[in-house]
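Each remark here refers to the structure printed beneath this line.
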Amino acid sequence: MKPNHSDGVDPDAPQLLQPELYKLPAVEAAPRLLGQHLVRRTEDGDIRCRIVETESYGGAEDKGSHAYGSRRTARTEVMFSAGGAVYVYLIYGMYHCLNVVTAAQDEPHAVLIRAVEPLTERDAELMKAYRGVAVRKPSDLSGGPGKLCRALRIDKSLNHSRFDLPEGPLSIEQGEDPESLDIVQAPRINIPYAGEYAGRPWRFYLRGNPYVSVSDPQAQPHRLV
DNA sequence: CACGAGATCAGCT
DNA sequence: GCTGATCTCGTGC
């Protein structure tokens, strides 16, 4: 039995991420989302997992970004929302990718969530069931943007929802302090068309975490700014 | 383990 | 018509 507090607030209850993080440019928000807890509310119950790999897609100048040159289409429109919006899009005709929109309204920044780690065995079991494919190693379950969306049953119906609401289909809760984590940075995956932006070290992940999609031998330690 | 092909849709970057 | 912020399954070392 937990102690009863006079203010009625359970100090152990999960707290939503501080709203300031969503206001940051994507390249600053991306490493700070590592170690935070993504919550997916489904009919079968809540699934909680730790964010372990992210990529930054930063604004109108980034040739790797869907919103390069401030392109506004039905797909990219949500990127122009105020930070905290959910951006889900379809890739290669069959896979979904989950992004956290950041920065101010009309500044199209987004952080792609590339890998997550289930917090408990129960979370892992639910994710395996949704995944529907043989899972031989951790990264088979949720190491990769398409895999984690399948494992968390995320599709375009969640586009335009928000991460900063306590009862939404997706939210982000306060997890670990990013300062305490071993974060590395490396170039982003599969964007050779991005010209001089292709080599920018805008992928961030927890060194050695088995859920990370691709480990880069050239990855460098990242220092939070 | 390294590849290659196929699945299949939105936007033309 | 082609390509992509991908993944799975098959073949062949």
Side-chain angles (χ1 to χ4, degrees), chain A residues 25-31 33-34 38 51-81 83 85-103 106-117 127-160 163 170 184-205 210-217 219:
Chain A
V27 71
E28 288 177 39
L33 283 166
L34 297 175
L38 181 67
I51 299 171
V52 300
E53 179 181 350
T54 58
E55 269 178 11
S56 158
Y57 287 85
E61 332 74 46
D62 179 7
K63 287 187 186 163
S65 171
H66 292 158
Y68 170 58
S70 293
R71 265 194 323 272
R72 271 182 116 121
T73 65
R75 181 173 69 158
T76 64
E77 188 58 34
V78 67
M79 291 185 75
F80 293 83
S81 308
V86 175
Y87 174 30
V88 179
Y89 66 88
L90 188 63
I91 188 70
Y92 299 109
M94 18 182 10
Y95 296 101
H96 294 278
C97 291
L98 174 68
N99 295 253
V100 181
V101 173
T102 74
D106 296 320
E107 291 176 20
H109 289 231
V111 176
L112 173 67
I113 308 297
R114 287 194 52 93
V116 298
E117 170 179 5
M127 289 166 68
K128 276 179 203 163
Y130 285 157
R131 202 67 180 79
V133 81
V135 173
R136 325 191 87 94
K137 57 184 191 299
S139 63
D140 288 345
L141 180 64
S142 50
K147 293 178 192 175
L148 76 88
C149 283
R150 188 76 64 87
L152 296 175
R153 194 162 278 187
I154 290 168
D155 62 26
K156 283 174 66 181
S157 68
L158 302 182
N159 199 28
H160 278 101
F163 288 105
L170 274 174
V184 294
Q185 60 183 39
R188 296 174 291 182
I189 302 283
N190 282 345
I191 49 160
Y193 54 86
E196 69 271 31
Y197 287 87
R200 297 290 160 88
W202 289 344
R203 182 165 71 106
F204 304 90
Y205 61 92
Y211 287 85
V212 166
S213 63
V214 186
S215 283
D216 187 331

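Letters A, B, ... mirror the listed sequences (proteins, then strands); counts begin at 1.
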Please report the distance, rounded to the nearest Å, between OH in A:Y95 and P in C:dG4.
17 Å
Take the protein atom CZ of A:R131 and the nucleotide atom P of C:dC7, then report the distance between them rounded to whole Å.
8 Å
What is the distance, rounded to the nearest whole Å, between atom CZ of A:R188 and atom P of C:dT6?
11 Å
Give a yes or no on whether a salt bridge exists between A:R188 and A:E55, defined as a side-chain N under 4.0 angstrom from a carboxylate O.
no
From CA spacing to verdict: side chain to side chain contact (heavy atoms under 4.5 Å, CB included), A:L170, A:L152:
CA-CA 10 Å; A:L170 274 174; A:L152 296 175; 5.6 Å; no
Do the rings of A:H66 and A:Y87 sit parallel, tilted or perpendicular, given the 30° and 60° boundaries?
perpendicular
If I take atom CZ in residue A:R71 and atom P in nucleotide C:dG4, what distance separates them, rounded to the nearest angstrom?
13 Å
Identify whether any heavy atom of A:L112 sits under 4.0 Å from a base atom; if not, whether one sits that close to sugar-phosphate; answer base, sugar-phosphate or nothing.
base
Give A:R203 one of three labels, base, sugar-phosphate or nothing, depending on what nucleic acid heavy atoms sit under 4.0 Å from its own.
nothing
Rounding to 0.5 Å, atoms CD (A:E28) and CG (A:L33) come to a distance of 12.0 Å
Where does DNA chain B pair, written as one dot-bracket string 5' to 3', with Watson-Crick or G-U pairs under 3.5 Å, ( ) inside the strand, [ ] for crossing pairs and | for another strand?
|||||||.||||.
Spatial distance of atom OG (A:S142) from atom CZ (A:R114) [nearest 0.5 Å]
12.5 Å
A:L98 side chain near A:L38 side chain, heavy-atom distance below 4.5 Å:
yes
Outer limits of DNA chain B sitting under 4.0 Å from a non-hydrogen atom of chain A, read 5' to 3', are B:dA7 to B:dT13
Distance in angstrom units between A:L98 CG and C:dC7 P, rounded
13 Å
Check the pair A:V116, A:M127 against side chain to side chain contact (heavy atoms under 4.5 Å, CB included), reporting the backbone distance first and the verdict last.
CA-CA 11 Å; A:V116 298; A:M127 289 166 68; 4.2 Å; yes
Given atom CD of A:E55 and atom C1' of C:dG4, what is their separation to the nearest angstrom?
13 Å
Could you tell me the separation between the OH atom of A:Y89 and the C1' atom of C:dT3, rounded to a whole number of Å?
13 Å
From CG of A:D140 over to C1' of C:dT6, roughly how many Å is that when rounded to an integer?
14 Å
Which is it for A:N99 and A:Y89 under the side chain to side chain contact (heavy atoms under 4.5 Å, CB included) test, yes or no, and what are the steps along the way?
CA-CA 9 Å; A:N99 295 253; A:Y89 66 88; 3.3 Å; yes
Positions of residues 142-152 of chain A (non-hydrogen atom under 4.0 Å from DNA chain C), listed by number
A:G144, A:P145, A:G146, A:K147
Please determine if A:R72 and A:D106 form a salt bridge, counting it only when a charged side-chain N lies under 4.0 Å from a carboxylate O.
yes
Heavy atoms, side chains only, cut-off 4.5 Å: are A:Y205 and A:D216 in contact?
yes
Within a strict 4.5 Å, meaning less than it, do heavy atoms of the A:S213 and A:R203 side chains meet?
yes
Phosphate oxygens OP1/OP2 of C:dT6: is one of them under 4.0 Å from a side-chain N or O of A:N190?
yes
Do A:D155 and A:V88 pass the side chain to side chain contact (heavy atoms under 4.5 Å, CB included) test, and can you show the C-alpha distance, the side-chain angles, and the key distance before you say yes or no?
CA-CA 7 Å; A:D155 62 26; A:V88 179; 5.6 Å; no
So what does A:R75 touch, heavy atoms closer than 4.0 Å: a base, only the sugar-phosphate, or nothing?
base
